[in-house]
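Down below is the structure, laid out as structure tokens.
Naming convention: chains lettered A, B, ... in sequence-line order (proteins, then strands); numbering from 1 in each chain.
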There are 2 protein chains.
Amino acid sequence: MNEEDYIARYKKRNFDAPLVTVDAVLFTYHENTLKTLLVKRSAYPEKGKWALPGGFVSESEDDGLEATLIRKLKEKTGVIPPYVEQLYTFGGPSRDRRGWSITVAYTALIAHQSCEISIDTVSDVNWLPFSKVCQLPLAFDHLDIVNRAHERLVQKALYSIVPAYVLPETFTLPELQHVHEVIIGKPLQKKSFRRRIEQANLLVDTGEKRAEKGRPAALYRMREDSAAYNFIRNLEL
Amino acid sequence: MNEEDYIARYKKRNFDAPLVTVDAVLFTYHENTLKTLLVKRSAYPEKGKWALPGGFVSESEDDGLEATLIRKLKEKTGVIPPYVEQLYTFGGPSRDRRGWSITVAYTALIAHQSCEISIDTVSDVNWLPFSKVCQLPLAFDHLDIVNRAHERLVQKALYSIVPAYVLPETFTLPELQHVHEVIIGKPLQKKSFRRRIEQANLLVDTGEKRAEKGRPAALYRMREDSAAYNFIRNLEL
DNA sequence: TTAATAGTGTCTTTCAGACAATATAAA
DNA sequence: TTTATATTGTCTGAAAGACACTATTAA
């Protein structure tokens, strides 16, 4: 038998394959807190519990795992997040009652304003503060996933400006610093924070300013590829 | 219908699920070079090509994805590597001719001596120098996987002593430094390398020495949890 | 002017790079 | 002793921490 024959006769259904889903831990920043998007499950199993947005891979629709993720997130939020990164793959016989299952988990970041409208109208999709999420009885092993995503986000906050993606396209440095502080859970030195961003030339000054109270702050925009930049030295934890 | 009924009636076979495999990029250090374990494929598809050790998840045997990996590695090498870490999950419709497939890739490290005997006897399992592997026509997308594993290993070498797992349980500092240099592809400053390891107290002096030529070097052993330690500052690339 | 917030100056501390100097073995 | 390798001393430089200082707005 040659390879063509083998492929032609190969039937996937002859082998038992695990269920494959993709899930996202989508973070945003709103009202001075870090929030995560959760969906109330409307079907068995785990009906009624909060769960991460996600779903089954569609062999016909999806061109890859990230495509599945983006399709699912678009269904829930109406938009595609500007930052998506694969986190970890969880698998085992007992994480889903339907059988041996795998979920490929992603971390995604988005500005709250960019999906505010579409979310408000759907009561089973909700932004919950990260601190509350940890106490909720989430579906499946989604609490483990959320925690791992947060751990990784903390690391990113220590050596990159990836967290900037929870903000709108333009933002001020004090805003960005506060995002980092909320993620890390610890105040940072203004000077250290600004110095390294300036030295690595990661942001562009838009020339505009924004004032709330006090002196107006300069508005910046991320430079192309700044998300890929890693400082060689971490901030202190 | 309640949850029990739902689960009882749920038939996975009614849904098309991707094929799920687990693959390992197993590194070791031998003859002053970094090597990777490859297996010559004896069956379709990609028959005759070199591929990463791995295989399908077994729903009956495996308690998780890492369990699949360890089972497969034990089949090929006879031993369980002391360091195993999930790397990335690759998935898509065209990476395997049999259909939409996923592979959960792991990086693993092992001392060459600990699996030398079992490998030597099997001609279709082989340690190949990393530099050669990159030029071989590997099966599936395994070249991408190997390259990503190496990138990650380079990073680890810059901020941790994880690479120590390619050495036997006891080793000298010059040996460890050379491992790092081979991985990074650049010479390192003796002093910097030793200083940080000493300050973080990652190794235990066994009291023994080993001499080849010149002054004998002290033999060290990794301290418990040293693999989890990350320096806050990277070495220069 | 004062209150509030943004942004800077500058000294200290930490740790890696560079490289010379010393130590310990075998031949 | 010489050669080879291991190990340490120490100066320099880069970048973060600490914290006081100045700048810019509104009321």
Keeping [X] on the side-chain end and [Y] on the backbone end, is there a donor-acceptor pair under 3.5 Å?
X	Y	answer
S160(B)	A157(B)	no
T68(B)	V57(B)	no
T28(B)	I110(B)	yes

Output the single nucleotide from dA15(D), dA6(D), dG17(D) whose closest atom is nearest the side chain of L235(A).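 So the nucleotide nearest the side chain must be dG17(D).
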Item to check | Test item: L188(A) and Q177(A) side chains (from C-beta on) under 4.5 Å apart, heavy atoms | outcome: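 Yes, at least one pair of side-chain atoms sits under 4.5 Å.
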[X] [atom1] to [N] [atom2]: how many Å, rounded?
X	N	atom1	atom2	answer
K213(B)	dT2(D)	NZ	C1'	15 Å
I197(B)	dA6(D)	CD1	C1'	14 Å
I232(B)	dA16(D)	CD1	C1'	8 Å
E212(B)	dA6(D)	CD	P	9 Å
R233(A)	dA14(D)	CZ	P	13 Å
F231(B)	dA15(D)	CZ	C1'	18 Å
R215(B)	dA6(D)	CZ	C1'	5 Å
F193(B)	dT7(D)	CZ	P	12 Å

Which is the 5'-most and which the 3'-most nucleotide of DNA chain C that has an atom under 4.0 Å from a heavy atom of chain A?
->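 Listing 5' to 3', DNA chain C meets chain A from dA4(C) to dT14(C).
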message: Pick the closest DNA chain D nucleotide for G214(B) and for A218(B) by heavy atoms, then say which residue is nearer the 5' end.
response: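 Going by which nucleotide is closer to the 5' end, it is G214(B).
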Requested in this report: For N234(A) and for Y220(B), find the nucleotide of DNA chain D with the closest heavy atom, then tell me which residue's nucleotide is more 5'.
Outcome: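 Mapping each residue to its closest nucleotide by heavy atoms, the 5'-most match is Y220(B).
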Problem set entry | Donor-acceptor pair (no angle test) under 3.5 Å: R195(B) side chain, dG9(D) base |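 Check fails, no donor-acceptor contact within cut-off.
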Next on the checklist: Quick check: any donor-acceptor pair below 3.5 Å linking the side-chain of K191(A) to the base of dG17(D)?
Outcome noted: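 When only heavy-atom distances are counted, K191(A) does not reach the base of dG17(D) through any donor-acceptor pair under 3.5 Å.
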key: Note: K72(B)-E75(B) ion pair, threshold 4.0 Å (strictly below)   =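 Yes, charged N to carboxylate O under 4.0 Å.
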Review point. Got a salt bridge between K186(A) and E236(A), using NZ or NE/NH1/NH2 to carboxylate O under 4.0 Å?
Key: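 No.
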Handout entry: K190(B) vs E236(A), nearer the 5' end of DNA chain C by closest nucleotide
Key =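 That would be E236(A).
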Query raised in the report: Is there a side-chain polar atom (N or O) of Q189(A) under 4.0 Å from OP1 or OP2 of dC19(D)?
Result: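 Checking dC19(D) against Q189(A), no side-chain N or O comes under 4.0 Å of OP1 or OP2.
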Once you apply a heavy-atom cut-off of 4.0 Å, does A217(B) come out as touching a base, just sugar-phosphate, or nothing?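 Result for A217(B) = sugar-phosphate.
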- Sugar-phosphate only, base, or nothing, as touched by K209(A) at under 4.0 Å among non-hydrogen atoms: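 Here K209(A) touches no strand at all.
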| task | Classify the angle between the aromatic ring planes of H180(B) and F193(B) as parallel (below 30°), tilted (30 to 60°) or perpendicular (above 60°). | result |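 Geometry flag for F193(B) against H180(B): perpendicular rings.
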